[in-house]
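Written out below as structure tokens is the structure these notes cover.
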Amino acid sequence: MKKVLFVASECVPFIKTGGLADVVGSLPKYIDKDRYDVRVMVPKYKVIPDEFKQQMVYVTHFYMELSWRNQYVGILEMEYAGVTFYFIDNEFYFSGPSPYGYIHEDIEKFAFFSKAVLSSLPVIDFRPDIIHCHDWQTGLIPVYLNVMFQGNPFFRGIKTIMTIHNLKFQGIYDKKTIMDTTGIPAMYFTPDKLEAYGDANYLKGGIVYADYVTTVSNTYAEEIKMPFYGERLDGLMRARSNRLSGIVNGIDYSEYDPEHDPLIKYPYSSKNFRREKCKNKKALQKELGLDVNEKTFMIGLVSRLTDQKGLDLVDYVIEQICAEDTQLVVLGTGERRYENLFRHFAWKYGNRVSANIFYSNERSHRIYASCDAFLMPSLFEPCGLSQLMSLRYGTVPIVRETGGLKDTVEPYNEYESTGTGFSFANYNAHEMLDTIRYAKHIYYNKKREWNKLIDRGMAKDFSWNNSARRYEELYDRM
Ligand code: GLC
């Protein structure tokens, strides 16, 4: 039995700011329980809902040195959906209104967390064969393991995997502060180790010291070896390319299931979507105060409202997107300029644009179930999960060909009648607009073709079944 420990800064259903939480919350459930003992460690944030905090059981606590500080480390445990979760407790670090705040605080918070994770293992007597780290917040784990824990026989031979969900976020701060915060000796702050461009860089440390590096799609694994997507670490990515590969994410097919989704009004399947799906559209139109008409082409956009998601393209041509024969439904929060952009157009075209500037899981399910198309014109996209949810709900994705979007959405070919969505290559607003108009043309004028697109999309399998096997193969190889 191989033991694997997942470590991350967020995890569904306890705490979520983005797709990372979905992956960390669902992948462990799909790893074969007969062959692997997978457990998960996350911070015990104050903002975790009470219903979960009440179920956590206190295990033990100790004090840990973090450079010149001496800090409390509490450990709590909880069984959820067949997986053991550990929560690292420290009220000084984890009491904020959200998991992340000011970078100078986060830098210390996650140095503490990373060292606390390693320090906890002998205390709870769980010696993983593999520690599977996710994103910059856990980048110091492979570093600490090498620098400070190797001397202890308990830790000898533990392997590490660093999974990059988004290379844009690296955990960068000035070297002096990081040396002081982490207690890691000065000799490790060189360009072949923790230093990048004069600063200290947590994710770089993780990539350098991990035994293996993965990212969340094949295309993104290739893209980040080039300057455009490499976020100034493309050289390192090329250097590590024999220990770097992509494994595309899945989604939780029990949670995202149009046939048995308690959050939508009219459940449907790949057999009866032609009749049933539009009932959800009408219900959503009513709920959002849009014109009620099951024929109107409805585009969904559920996203963090940030530059990464290609929203400046939408900004350029939003007037043309919001044509009279189209409805646009937006859900999410993020940069002020995009929040206000959508608010403005919802005000201007109240009968056909709906701006939901907040996050609601329930509403997201209804949007996936109700819309005809789903827009995701990302500048870069390590994997992307919403396009997978859309495919599952028979909502046709319109995407830019980058990262996971390229790997999971097959472009429609009118002549061969293949493909599951619409896509465009260049980061260009009018290319996007043309693609949206082309999709709309097929929807309005070639309805049978459109429905066949849905058939093919719903027939695809983006459950974890495939990708969990790939992770298992990787665990075995190590
Ligand atoms: C990040 C990426 C997204 C990916 C998710 C889960 O949020 O931006 O593309 O799907 O992580 O891996």
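Counting starts at 1 for both ligands and their atoms, in listed order. Keep in mind the model is a prediction, meaning the values are calculated, not measured. Throughout, residue positions are numbered sequentially from 1 according to the sequence presented.
Among the atoms of G18, none of the N or O lies under 3.5 angstrom from an N or O of ligand 1.
Counting heavy atoms from C-beta on, the side chains of L453 and W450 come closer than 4.5 Å. Between E335 and D307, some side-chain heavy-atom pair lies under the 4.5 Å cut-off.
Of all protein heavy atoms, the one closest to atom 4 (C) of ligand 1 is G384 N, 3.6 Å. Scanning all protein heavy atoms for the shortest distance to atom 8 (O) of ligand 1 gives Q308 NE2, 3.1 Å. H165 O, 3.3 Å is the protein heavy atom nearest to atom 1 (C) of ligand 1. At the top of the distance list for atom 3 (C) of ligand 1, counting protein heavy atoms only, stands E381 OE2, 3.4 Å.
Between F380 and Y229, a ring centre-to-centre spacing not shorter than 6.0 Å is recorded. A centroid separation of 6.0 Å or more is found between the aromatic rings of Y93 and F113. Close placement of the F110 and W136 rings is indicated, their centers lying within 6.0 Å of each other. Between Y80 and F14, the ring center distance clears the sub-6.0 Å criterion.
The atoms of ligand 1 that sit less than 4.0 Å from any heavy atom of R304 are 7 (O), 8 (O). Those atoms of ligand 1 with a heavy atom of N166 less than 4.0 angstrom away are 8 (O). Every atom of ligand 1 is numbered from 1 in the order shown, and the set under 4.0 Å from a heavy atom of P382 is 2 (C), 8 (O), 9 (O). Taking every heavy atom of G19 and a limit of under 4.0 angstrom, the matching atoms of ligand 1 come to 5 (C), 6 (C), 7 (O). Of all atoms in ligand 1, listed by their number and element, those nearer than 4.0 Å to a heavy atom of V23 are 6 (C), 12 (O).
At a heavy-atom cutoff of 4.0 Å, ligand 1 is contacted by the backbone of L20 but not by its side chain. Of all the heavy atoms of N249, the ones lying under 4.0 Å from any atom of ligand 1 belong exclusively to the side chain. Residue contacts with ligand 1, taken as heavy atom pairs separated by less than 4.0 Å, do not involve H134 at all.
With W464 as the partner, the side chain to side chain contact (heavy atoms under 4.5 Å, CB included) test is satisfied by one option alone out of I31, I251, N249: N249.
Heavy atoms of other residues, nucleotides or ligands lying less than 6.0 angstrom from CD of E79 number more than 12.
Between I318 atom CD1 and L433 atom CG the span is 11.5 Å, to the nearest 0.5 Å.
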